[in-house]
Number of protein chains: 2
Amino acid sequence: MAADAHRAFKDRLYGLFARIGQTLASPRRLEILELLAQRERTVESLAGELGLSLANTSQHLQALRQAALVETRKEGLYVYYRLADPAVSDLCRSIRTVAEHRLAELERLVREHFGDRSAAEPIGMDELLKLARTKDVTILDTRPPQEYAAGHIAGAISVPVDELQRRLRELPRDREYVAYCRGPYCVYADRAVEILQAKGRRARRLLEGFPEWRAAGFPVYIGAEQGVLR
Amino acid sequence: MAADAHRAFKDRLYGLFARIGQTLASPRRLEILELLAQRERTVESLAGELGLSLANTSQHLQALRQAALVETRKEGLYVYYRLADPAVSDLCRSIRTVAEHRLAELERLVREHFGDRSAAEPIGMDELLKLARTKDVTILDTRPPQEYAAGHIAGAISVPVDELQRRLRELPRDREYVAYCRGPYCVYADRAVEILQAKGRRARRLLEGFPEWRAAGFPVYIGAEQGVLR
DNA sequence: GAATTAATCAAGTAATCTATTGATTACTGT
DNA sequence: ACAGTAATCAATAGATTACTTGATTAATTC
């Protein structure tokens, strides 16, 4: 009977979908994907930032590659991993959305760690876009410089949070600032706002990060060269 | 140092996200979610359709409930499971999208099973909406009656594929038909189109299914009562 | 209240997954 | 060719997961 063939088809079909799901079943791999959403990176560099062993990181990356979620290029000794498709980034965001909607524990955890975020007066992406068009506002990219170089919000300047303290003189008191970073659960922008406010600047944080901004189709600069608006 | 606390936070944060991912790592559970996207169902009914044991189905459903992806209500002896949030449906679709973009194997599998689908002249959702507004077209819901009852494309009539053969007289020859079903990988609509064309009707299939139509915000009837447009 | 039925629980086994360790490969620069 | 480094491979132990079987719980019907 054809029902058997149909069962077999469904098994294989959902088997393929589950392969994607399996790849998203590890906290480490999800964290790797989030980092790769900022820029391509080497195995070593990821292992360093995540505090994982090189071999372990390599294995996770291979799992991601087998599921075709990431691609690689080799340059000299280094293998650079990157997201294979913007849809992968969307998928990660989709998981986050479900977690936010459904897991009360997430909200508790975030409140516990970030405390009351209202001091940073978080603003949304639409709001920032409007603000940037109508008023003078300085947008600060608080991520590491390589991530800024790989792509950033149009008009933003790179002020990695580590350098903010000693580069304060570049940021006049009479301006308004909005800081952003990797995403809603990244602390860079919060720290930056804290420092800026302590030093008498009017500063807020963008609720979302660069990947969300790009996914929304808002204006970005891509690539190392500045001035190339896409 | 605060870095430890921050590592712990990240571990817990991505642990939560991974809990969603883990739940999506099983082909069975993905299939269950797809069925629940059509309507709420009992454990027994799902077990029957999926060909799983009752206990096994119950365990999968509990995994889904623990991850807060589904909710339940009890009615008499039966426990009805339903999707907890439209975002869950979006998430499943997101997985499918990535699989379609990235897994060449998927395309091969689908072609192998469906053969050349062009005979069914699949049309997209926008196209159908336009068609329904400008021309006379009969939209056929080929899913089981309960799924139609739980929600269907506005204006569609229920003709479960099993009943199509003997209800042909209700479908005049001089009309144009578009059949839809559960989703792009469901065969109901394909079978319906085959039968209709064999019997001299002009028929095509909607590429997507009801969940996609609803998610797109297109007009639907929800609930058992017909005539309630939302 | 006894029988029936839907669903869950509990325990066990086989299979799979994660991270570690040490060895190996691939490429660079001398 | 050789040393040095990035990455991968291979083997392993420990934890987790999927499914089965048989017992138990909860609601209904007689």
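Sequence lines set the chain letters: A, B, ... in the order given, protein chains first and strands last, and positions in each chain run from 1.
- Per the geometry, CZ belonging to A:R73 stands 15 Å off C1' belonging to C:dC27, to the nearest Å.
- The A:R29 side chain lies nearest to C:dT18 when the options are C:dT18, C:dA26, D:dT8.
- With C:dA19, C:dA7, D:dT20 as the candidates, the nucleotide lying closest to the side chain of B:T42 is C:dA7.
- At least one side-chain heavy atom of A:S45 sits under 4.5 Å from a side-chain heavy atom of A:R39.
- Closest approach to the B:A55 side chain among D:dG22, D:dA27, C:dA26 is made by D:dG22 (side chain taken as heavy atoms from C-beta onward).
- At least one side-chain heavy atom of B:L33 sits under 4.5 Å from a side-chain heavy atom of B:V70.
- Looking at heavy-atom distances under 4.0 Å, B:Y81 makes contact with sugar-phosphate atoms alone, never a base.
- Using a 4.5 Å cut-off on side-chain heavy atoms (C-beta onward), B:V98 and A:D90 make no contact.
- Of the candidates D:dA26, C:dT8, D:dA18, D:dA26 carries the atom nearest the B:K74 side chain, counting heavy atoms from C-beta on.
- Minimum atom distance to the side chain of A:Y78 is reached by D:dA6, of the listed D:dC19, D:dA6, D:dT17.
- Distance CG (B:L54) to P (D:dT25): 17 Å, rounded to an integer number of Å.
- Interatomic distance, A:R96 CZ to B:Y14 OH, rounded to the nearest 0.5 Å: 8.0 Å.
- In this structure, B:Q22 places its CD atom 9 Å from P of C:dT18, rounding to the nearest Å.
- When rounded to the nearest whole Å, the span between OH of A:Y80 and P of C:dC27 equals 15 Å.
- For a distance-only test at 3.5 Å, the side chain of B:Q59 qualifies as a donor-acceptor partner of the base of D:dT20.
- Listed candidates were C:dT8, C:dA26, C:dT18. Nearest to the side chain of A:S26 is C:dT18.
- The shortest distance between side-chain heavy atoms of B:W213 and B:Y180 does not fall below 4.5 Å.
- Between B:Q62 and C:dC9, a side-chain N or O to OP1/OP2 separation shorter than 4.0 Å is present.
- Nearest-nucleotide mapping onto DNA chain C: of A:L77 and B:V43, the residue sitting toward the 5' end is B:V43.
- Taking only side-chain nitrogens and oxygens, A:S58 comes nearer than 4.0 Å to OP1 or OP2 of D:dT8.
- With D:dA7, C:dT8, C:dA6 as the candidates, the nucleotide lying closest to the side chain of B:E44 is C:dA6.
- For the pair A:R73 and A:Y80, the cation-pi test (distance below 6.0 Å, angle within 45°) is passed.
- Here D:dA18 presents its P atom at 15 Å from CD of B:E31, a figure rounded to the nearest Å.
- The shortest distance between the side-chain N/O atoms of A:H60 and the OP1/OP2 oxygens of C:dC17 is not below 4.0 Å.
- Among the nucleotides D:dT20, C:dA26, D:dC9, the one closest to any side-chain atom of B:S53 is D:dT20.
- Between B:R19 atom CZ and D:dT17 atom P there is a gap of 12 Å when expressed in whole angstrom units.
- The CG-P distance, from B:L61 to D:dA18, rounds to 13 Å in whole Å.
- A straight line from CD of B:E75 to P of C:dT5 spans 19 Å, rounded to a whole angstrom.
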